[in-house]
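One structure below.
Note that this is a predicted model, so its numbers are computed, not measured. Convention: sequence-line order gives letters A, B, ...; per-chain numbering from 1.
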Amino acid sequence: MTTFKTIGKSEPRRDLPEKLTGEAKYTADVQLPGMLFGKILRSPHPHARILSINVDAARNLPGVRAVVTPFDAPKGQVAPDMPILDTEARYVGDEVAAVAADDEDLAEAALSLIEVKYEQLPFVTDAVEAIKPDAPQTRPGGNLVGGKPLTLIRGSVEEGFAQADRIFEETYSTPAQAGAALEPRAAVASWDGDNLTVWKSTRGVHADQLALSLALDVPRGNIRVMGQNMGAGYGTKDETRLGAITAVLAQRAGRPVKIELTRQEEFVAGRHRHGTTTTVRMGVKNDGTVTAVHATTIMDTGAYLSSGPGVIRRAGQGALYLYRCANVQYDGYLTYTNTPSGGSYRALGAPQGHFALESLADTISEALGIDPLEFRLKNHVGLEGQPGERVTPANEVLDTQPVEGGVPFSSNGLRECLQRGSEAIDWGQPSERPESGNLRRGKGMGMFIYRGGAGGRSIARMRLESDGSLRLLTGLMDVGEGSLTVMPQIAAEELGVGYGQVLVTFGDSETTPEAPLTAGSTATFSTGTATKEAARQLKARIIEVVAPLLDTEPSNLQITDDGVEHIQYPERSVSFAQIAESVGEIEVEAAISPGSRDHVINSFGAHFAEVEVDTDTGQVRVLRYIAAHDSGRILNPKLAINQVEGGVSQMLGFTLSEQMLTDPRNGVTLNASFLEHKSPTVQDFPEMQVLFADVVDPVGPFGAKALGEPPSIGVAPAVANAIYNAIGVRIRDLPLTPDRVLNEIEAQRGDSQ
Amino acid sequence: MKPFKFEQATTAVQASQTHADAAPNARFISGGTDILGEIKESVLEVNILVSLAGLSGASEIISSDLGLEIGALVTLARIASDQSIVETYPALAQAAESVATPQIRNVGTLGGNLCQRPRCWYYRSPLFDCLKKGGETCFASDEGNKYHAILGAENCHIVHPSDVAVALLALDATVVVSNASGDRQMPIGDFFVSPDVNMLAENVLEPGEFVSKVKIPKPSSGTRSVYLKAKERQAYDFALSSVAVSLEVRDETITQAHVVLGGVAPVPYSVPQVDSELTGQKIREVDVQAIGQLAVKDAQPLSDNSYKVRLTASMVARAVSRLISE
Amino acid sequence: MAQLPISYSASITLNVNGTDHQIEVDHRWTLLRVLRDVLGLTGAKRGCDRGECGACTVLVDGDPVCSCSMLALQVGGRQVRTVEGLGDANSLNVLQEAFLAEDGGQCGFCTPGFIMSATALLESNTDPTEDEIKAALVGNICRCNAYGRIIESVKAAAKSEAS
Ligand SMILES: Cc1cc2nc3c(=O)[nH]c(=O)nc-3n(C[C@H](O)[C@H](O)[C@H](O)COP(=O)(O)OP(=O)(O)OC[C@H]3O[C@@H](n4cnc5c(N)ncnc54)[C@H](O)[C@@H]3O)c2cc1C
Ligand code: SF4
Ligand code: FES
Ligand code: FES
């Protein structure tokens with residue numbers, strides 16, 4: 001076994017000390033001399049044309065320094081379907097105008113003086129309604145994005161169903177779940193001549209820089225984006241509109257401007273996990289062999305597209321790839337409505353798709369008299385991938401979320417997850433009987449697959465600095481997942497120095513090289529691979545320049561914590577500082593477009609839950625939770641456990657209590673608060689055990705695969721299946737709130753009478 | 001937030017007069033945890049906030065042979081942890097403990113808890129001009145009413161948000177109300193009024209009047225009480241349904257009963273039929289399920305809240321059964 | 001010319017982390033606003049401004065409160081403690097050390113609030129049970145849901161304070 005210096009060790013989180021003391025600065029903490037406060041006027045209508053806006057009174061209020069409306073905003077787009085400000089409002093909460101004033105109270109007062117004339121337009125708030133032919137149109141091109149569903153096929157489901165002894169079909173729905181990062185979005189913009197600096201909560205400073213440049217029509221080189229500490233986002237903080245509005249106000253006022261969204265704005269104008277309705281149809285043989293899977297998802301993207309197209313695709317991955325099956329199909333309908341916009345949110349559509357798929361798998365197991373665990377062990381996709389012919393030409397990089405068969409995974413620890421997870425929860429042992437007559441206990445499970453691995457092109461730069469310190473520079477943001485800690489671990493390991501010796505610079509578009517968003521669990525993989533390569537190059541360069549200094553061949557030298565030494569004669573050594581002194585700064589850069597021509601790189605896992613249902617009150621308590629993951633080698637166990645536990649707990653909220661509710665009568669979000677959009681608290685956190693499969697991925701950096709998002713995927717099915725196991729009632733609509741549990745129990749009783 | 005003036009009153013007379021003079025645009029503030037939310041949400045516009053925090057004597061808990069007197073400024077945290085309350089008036093301590101979070105209980109006061117405004121989501125949003133805000137319609141009557149009332153509501157379907165009030169009613173508390181000219185007092189059941197009586201307020205307070213204390217008679221030695229609350233998540237949340245029960249038991253027989261429901265009606269909701277049904281029964285013979293059903297006999301659920309009927313029946317059964325097995 | 005709404009201001013003495021500050025406040029300013037915008041103490045965060053998330057938790061006379069849900073005027077003359085009063089990144093206190101060792105945070109936005117709630121708990125109860133820890137922290141939302149690690153951190157702090 002390889003022994004590592006830092007890989008696999010629970011190095012403490014780099015950025016935590018200053019977060020523990022309140023010293024860490026988030027965007028809202030930025031204070032600049034002369035800074036103004038901005039506020040945004042939002043539409044009270046779900047769909048309306050803005051005929052005119054009178055800002056005279058607001059502008060004349062002493063202390064108001066700038067106003068922007070759709071009629072005078074720069075014409076650039078912040079997204080393909082979203083200008084900086086638009087003359088059409090598409091949901092209650094859509095940005096209509098903005099002001100900057102000397103302080104927050106004034107800015108608020110100014111908003112109330114703006115008069116807007118709206119022409120109200122027909123609207124629709126429900127996705128299933130929206131794709132009906134006579135639905136009110138949210139856009140000239142129709143509600144259905146692209147005018148047709150995304151259809152992905154391997155083999156032929158007709159053939160698959162023809163081979164089946166039995167066919168099962170069920171429909172499931174999931175609500176919109178707000179991202180609701182604890183830090184509401186904020187942006188600060190400041191101009192110095194033609195140069196713009198923007199501070200914002202983001203997970204991609206380079207992406208923001210590009211988007212702002214396009215929106216504002218300012219050369220990219222004139223824009224500097226500073227990602228402050230980020231109060232999390234889970235993917236939901238991609239948008240640029242806020243940054244662009246702030247920048248326009250700052251330019252007009254000639255002073256820096258800060259906009260902080262309120263909590264309510266964050267709920268409504270932020271991004272959420274898309275609401276879905278999914279029908280899954282599965283064909284099986286009597287022995288349990290799966291012969292066909294056909295899933296259809298209707299997904300509500302809300303008023304804007306955001307990352308909807310990626311998310312609708314992701315919702316199909318389970319149906320297309322989790323079960324070994326030659327004949328599969330996925331149809332994804334992404335539709336606009338006049339509601340807040342969905343966006344990227346941890347594991348994108350995968351949790352929604354898997355909820356339907358893995359719930360139906362339990363229904364099938366029961367009907368066939370096969371244990372649900374056995375059903376999965378029998379049918380899960382193996383290392384060899386799916387049956388069928390490879391479609392991608394042999395010399396091309398494979399999609400990480402493939403449809404085609406005939407391509408193997410780089411590694412696949414799903415079976416180990418199923419086995420170890422089931423042992424940990426004592427699968428097969430019935431739950432203990434609780435003391436009280438109205439409490440029922442049960443166990444449930446769900447397995448999952450998730451694309452990960454390659455993200456976009458990623459660049460890492462490594463430097464031996466003039467004072468002898470080693471520094472890693474990437475454009476990556478640490479959004480709470482710990483890449484600020486894991487990346488220097490990778491660099492240190494490759495260099496052969498201690499973890500603490502590698503300094504890092506992150507999240508500043510000016511001083512760091514390009515990195516993709518910290519998205520899609522790709523950070524460890526793509527930036528990790530780039531980092532590892534940069535470290536390898538730096539090491540080689542250092543040794544190369546030291547060899548003549550020590551009068552020897554490079555092959556005789558090695559890197560130590562202090563510098564470089566001769567392998568045989570360790571007394572012949574130079575420190576990093578001496579090296580820098582004699583040869584100056586050394587900088588290397590590695591650009592990686594990761595991806596594999598030979599393998600599909602995916603993460604896997606299986607979750608197991610034991611729940612207790614109070615049949616009198618409908619309350620569900622999760623007693624025990626086992627999360628078994630194959631994410632390749634775990635680079636930092638404590639951070640990894642935190643990541644998994646956090647993902648599970650967050651999704652217990654999705655499963656049991658969270659949902660954004662829109663009033664169909666007027667499009668108003670009814671519960672834009674933590675009190676009403678019920679996020680779990682510490683008291684909801686169950687006893688939890690995290691297991692990692694003993695997998696070292698042959699492709700990933702030091703054998704690692706994606707970990708950030710997969711924990712969110714298995715939760716809903718595991719808990720829903722456990723509830724079914726406890727009370728024999730299946731609830732197909734999330735969240736599984738007391739009213740639904742009680743209503744369903746009642747309905748069931750009605751049926752059986 | 002619109003500007004307002006914060007006036008620190010030092011005497012009851014001053015508080016009352018300042019409030020009465022500026023009515024209707026004046027409000028009292030105690031802890032501020034509820035009213036500041038209303039102001040920030042632009043649901044409420046005030047010119048003057050009259051702070052009661054400086055009133056002497058309103059922050060005391062006095063326990064005597066006659067019973068308990070709790071000043072209106074006593075915080076919920078103190079009520080939840082006060083030894084005499086925990087021992088002798090457990091339903092009250094449990095109700096106070098069930099409110100919100102430690103941070104809110106450290107600041108929120110008894111008076112503020114009783115006088116907090118409804119949590120109906122239409123009421124709390126400036127985008128709905130509903131009956132309770134002087135508008136024309138109730139948005140909850142046909143849909144979107146999962147958290148609304150199943151009992152005792154005609155036009156406006158709010159549920160009274162206070163947990164503490166439910167327990168106090170079961171314990172037969174009296175509310176003492178003060179104004180510049182003195183005090184008046186009333187059973188707590190008469191303090192709260194339903195929207196059918198007064199759409200714009202949840203209690204009988206007149207301009208210039210505030211709650212100064214609450215008195216609870218000392219329970220007899222055979223009396224037990226409990227407060228149970230069903231919520232949508234394990235942790236802090238308003239009640240989907242709650243119940244406070246106080247039973248006096250002598251020689252295995254219930255000699256007095258008071259069952260009060262919370263989270264289901266515009267006021268803390270007494271169910272006298274249940275009280276009289278229980279009274280006189282041998283504790284071993286009580287059919288708690290039947291009692292639960294009786295408690296919700298008059299329920300008229302709305303489109304989305306019929307679950308509350310069953311839930312409340314279960315809560316009542318559970319609370320009674322808990323007390324008779326004590 | 002539009003009318004500026006009339007606002008009221010007052011002078012108060014605010015004792016924060018042992019130091020008296022004489023400040024002018026608008027009547028409607030919350031304690032949180034004054035801490036952050038007037039005194040520059042940005043450790044307490046504005047997560048909701050409604051008493052629902054605990055990111056703004058500070059101690060007033062020793063008790064954890066939501067500084068967003070109290071007016072500064074309500075706190076004049078009382079003792080306020082914020083996370084800035086506990087230690088800095090180079091000299092973490094026992095509780096903070098425990099959070100670092102047990103990885104009790106992810107994005108860190110909730111962290112100062114948790115630290116303050118936990119500080120109040122451990123000052124009144126040196127050996128809390130898990131249930132007591134949960135009850136004391138229930139007013140603090142961690143949207144990253146790092147609850148497992150947070151509980152372990154508080155347990156570890158209690159243990160190392162005891163030894
Ligand atoms: C996150 C959160 C969760 C909550 N959960 C619950 C819960 O589960 N159960 C529950 O019962 N409550 C809950 N509440 C409400 C909370 O209990 C109240 O906010 C608190 O009790 C109000 O007390 P206060 O002293 O802060 O009142 P204030 O905000 O000062 O006042 C509230 C109202 O009462 C009036 N008022 C105050 N004192 C008096 C008085 N002495 N006489 C007459 N009028 C007065 C004020 O004018 C105002 O209208 C919650 C609140 C929050 C923010
Ligand atoms: S229930 Fe009452 S407060 Fe709620 S919408 Fe109806 S009238 Fe308004
Ligand atoms: S900001 Fe104060 S509780 Fe959320
Ligand atoms: S660590 Fe992100 S909210 Fe708690």
Mind listing the closest non-hydrogen atom pair of [X] and [Y] along with its distance?
{"X": "C:Cys107", "Y": "A:Tyr26", "answer": "O-OH, 2.7 Å"}
{"X": "C:Thr42", "Y": "A:Lys25", "answer": "OG1-NZ, 3.1 Å"}
{"X": "C:Val138", "Y": "A:Thr681", "answer": "CG2-OG1, 3.6 Å"}
{"X": "C:Phe99", "Y": "A:Leu16", "answer": "O-CD2, 3.6 Å"}
{"X": "C:Cys53", "Y": "A:Phe674", "answer": "CB-CD1, 3.8 Å"}
{"X": "C:Lys45", "Y": "A:Ala24", "answer": "NZ-O, 3.7 Å"}

Can you tell me which portion of [X] sits under 4.5 Å from chain A's heavy atoms? Options are side chain, backbone, both or neither.
{"X": "C:Leu100", "answer": "both"}
{"X": "C:Ala44", "answer": "neither"}
{"X": "C:Leu86", "answer": "neither"}
{"X": "C:Ile151", "answer": "side chain"}
{"X": "C:Arg149", "answer": "both"}
{"X": "C:Glu102", "answer": "both"}

Shorter than 4.5 Å, heavy atoms on both sides: which option in [options] has the most such pairs with chain C?
{"options": "A:Gly653, A:Ser649, A:Pro12", "value": "A:Ser649"}
{"options": "A:Glu260, A:Glu687, A:Met688", "value": "A:Glu260"}
{"options": "A:Val682, A:Val64, A:Thr262, A:Leu675", "value": "A:Val682"}

(message) Is it the case that the side chain of A:Glu23 and the backbone of C:Asp88 share a donor-acceptor pair, with hydrogens and angles ignored and the cut-off at 3.5 Å?
(response) no
(message) Tell me whether C:Tyr147 contacts the main-chain N or O of A:Pro680 through its side chain, where contact means a donor paired with an acceptor under 3.5 Å.
(response) yes
(message) Does anything in residues 71-85 of chain C reach chain A? List residues with heavy atoms under 4.5 Å apart, or say none.
(response) C:Val83, C:Glu84
Side chain, backbone, both or neither: which part of [X] has a heavy atom under 4.5 Å from chain C?
{"X": "A:Ile641", "result": "side chain"}
{"X": "A:Ala28", "result": "both"}
{"X": "A:Ala180", "result": "both"}
{"X": "A:Gln31", "result": "side chain"}
{"X": "A:Glu265", "result": "neither"}
{"X": "A:Ala178", "result": "backbone"}
{"X": "A:Ser673", "result": "both"}

(message) Against A:Leu182, only a single residue in C:Asn140, C:Thr111, C:Ile141 fulfils side-chain contact (heavy atoms from CB on, under 4.5 Å); can you say which?
(response) C:Ile141
(request) Could you tell me whether the side chains of C:Arg143 and A:Ser679 share a donor-acceptor contact shorter than 3.5 Å? (result) yes
Are [X] and [Y] close enough for a salt bridge, meaning some N to O gap below 4.0 Å?
{"X": "C:Lys134", "Y": "A:Asp684", "answer": "no"}
{"X": "C:Arg46", "Y": "A:Glu104", "answer": "yes"}
{"X": "A:Lys638", "Y": "C:Asp103", "answer": "no"}

(request) Before giving the answer on side chain to side chain donor-acceptor pair (under 3.5 Å), spell out for C:Gln106 and A:Asn642 the whole-Å C-alpha distance, their side-chain angles and the decisive distance to 0.1 Å. (result) CA-CA 8 Å; C:Gln106 292 183 24; A:Asn642 198 345; 2.7 Å; yes
Working to the nearest 0.5 Å, report the span between [atom1] of [X] and [atom2] of [Y].
{"X": "C:Cys144", "Y": "A:Gln650", "atom1": "SG", "atom2": "CD", "result": "7.0 Å"}
{"X": "A:Tyr234", "Y": "C:Asn145", "atom1": "OH", "atom2": "CG", "result": "7.0 Å"}
{"X": "A:Gln683", "Y": "C:Ile133", "atom1": "CD", "atom2": "CD1", "result": "12.0 Å"}

(request) Taking the side chain as every heavy atom from C-beta outward, state whether A:Arg263 and C:Asp49 have any atom pair closer than 4.5 Å. (result) no
(request) Apply the test side-chain contact (heavy atoms from CB on, under 4.5 Å) to residues C:Trp29 and A:Asp105: give CA-CA distance (whole Å), side-chain angles for both, the deciding distance (0.1 Å), then the verdict. (result) CA-CA 10 Å; C:Trp29 286 355; A:Asp105 304 314; 3.1 Å; yes
(message) Quick one, A:Thr21 with C:Gln96, criterion side-chain contact (heavy atoms from CB on, under 4.5 Å). Give me CA distance, side-chain angles, the key distance, then yes/no.
(response) CA-CA 8 Å; A:Thr21 60; C:Gln96 291 163 330; 3.7 Å; yes
(request) Could you tell me which of C:Gly51, C:Ala101, C:Ala89, C:Ala55 has the largest number of non-hydrogen atom pairs under 4.5 Å with chain A? (result) C:Ala89
(message) Under a 4.5 Å cutoff for heavy-atom pairs, which residue among C:Cys48, C:Gly43, C:Pro112, C:Gly40 has the most contacts with chain A?
(response) C:Cys48
